[in-house]
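In what follows, a single structure is set out as structure tokens and then discussed.
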Amino acid sequence: GRALAPLASEGVLVMGSASALRGMRRASTYSAARGAQLAYVQAVGTELAPHNVQVSPEGHTLWATSVSYGFVGVIDADLRSVEAAVATGMGPAHVVLTVDGARALVTNSGDDTLAVIDAERPALVRTTATGSMPHGMRPSPDGRLALVADMGGTTVGLHDASSGKRIGEIEVGRTPVQVAISSDGRERAQAMADKLKAPALRMGYDLSLAKAREWGLFISASRGTTS
């Protein structure tokens, strides 16, 4: 698999045999071998496939994580070519770009770290400690924080978006996987705060859909008034 990794950006062509798809009489061993070859390349292709893809603020660069091989790929969206591969740590799950596009942040679920990448170079600047099995992540609208879901625990970590340093956490319950921003009104926000039993947690509300689109947030396909 590692031998094929450098070729992933160009594609891998298998020179096999039709016997992998349709058996041949008196050639069962050969057919089985060709079938194994095809299955192996398909499995490796799945491992090399990106787990999470994000678009840079200017829209010309894609960032994609490779969980199995511990790197994030930087792809020129116009030329459709891989420009760089930056090693981040074990099991990179999600990548996000800071609001100003200066940094890329990657959660490494395999070693409980957050990788901070200089997006212009691109190059790894540092890794910082997170909670258990960091997974989904979102930047705050003002660009100061990165909210990281600690999938192996019960918290959403608050990290400085520039340094990556963990500066706080919010108890949210078991196995948080992703972080989202809601447009719910005050009543529903208060109901959620009561459910979480977190009196110190300040709940935002009444984010308009127009403002959410302006910030480039994903809008869920719902029939409600706030999504």
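This chain uses plain numbering: 1 for the first residue, then up along the sequence. Just so you know, these numbers come straight off a predicted model, no measurement behind them.
In this structure, the separation between NZ on K195 and CZ on R188 is 11.0 Å, given to the nearest 0.5 Å. Separation of atoms CE (M137) and CG (L147) is listed at 10.5 Å; rounding is to 0.5 Å. E169 CD to D150 CG: the interatomic distance, rounded to the nearest 0.5 Å, is 7.5 Å. In this structure, the separation between CZ on R103 and CD on E120 is 10.0 Å, given to the nearest 0.5 Å.
The hydrophobic clustering, which links ILVMFWY residues whose side-chain heavy atoms are closer than 4.5 Å, places V82 and V55 together. Hydrophobic cluster membership differs between M90 and V125, with clusters built from Ile, Leu, Val, Met, Phe, Trp and Tyr side chains linked at under 4.5 angstrom. L158 is connected to V179 through a chain of hydrophobic side-chain contacts under 4.5 Å among Ile, Leu, Val, Met, Phe, Trp and Tyr, so both are in one cluster. At a threshold of 4.5 Å between side-chain heavy atoms, the hydrophobic network of Ile, Leu, Val, Met, Phe, Trp and Tyr places L145 and I170 in one connected group. I117 and V96 fall into different hydrophobic clusters, defined by Ile, Leu, Val, Met, Phe, Trp and Tyr side-chain heavy atoms under 4.5 Å apart, directly or through other members.
Shown here for G143 and V99, the closest heavy-atom pair between the two residues is CA-CG2, 3.6 Å. The two atoms that bring A119 and L97 nearest to each other are CB-CD1, 4.3 Å, heavy atoms only. Closest of all the heavy-atom pairs between T154 and P176 is CA-CD, 4.2 Å. Closest heavy-atom contact between P92 and S66: CG-O, 3.3 Å. Heavy-atom minimum distance, N108 versus A115: ND2-CB, 3.9 Å. Shown here for R121 and D118, the closest heavy-atom pair between the two residues is CD-OD2, 3.2 Å.
Just one of D111, T107, T155, D112 meets the side chain to side chain contact (heavy atoms under 4.5 Å, CB included) condition when paired with T130; it is D112. With Q54 as reference, V95 is the one residue of V106, T61, V95 to meet the side chain to side chain contact (heavy atoms under 4.5 Å, CB included) rule.
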Please test L105 against H159 for side chain to side chain contact (heavy atoms under 4.5 Å, CB included), starting from the C-alpha separation and ending with a verdict.
CA-CA 10 Å; L105 306 175; H159 292 255; over 6 Å; no
Could you walk me through whether R126 and S163 pass the side chain to side chain contact (heavy atoms under 4.5 Å, CB included) test, one step at a time?
CA-CA 8 Å; R126 68 180 65 87; S163 68; 4.2 Å; yes
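T127 places no side-chain N or O within donor-acceptor distance of the main-chain N or O of L114, the cut-off being under 3.5 Å. With hydrogens and angles ignored, the 3.5 Å screen pairs no side-chain donor or acceptor of S81 with any backbone N or O of D76.
Enclosure of atom CD in E58 by more than 12 non-hydrogen atoms of other residues, nucleotides or ligands within 6.0 angstrom is indicated.
Q178 places none of its side-chain heavy atoms less than 4.5 Å from the side chain of H135. Between I75 and W63 the shortest side-chain heavy-atom distance does not fall below 4.5 Å.
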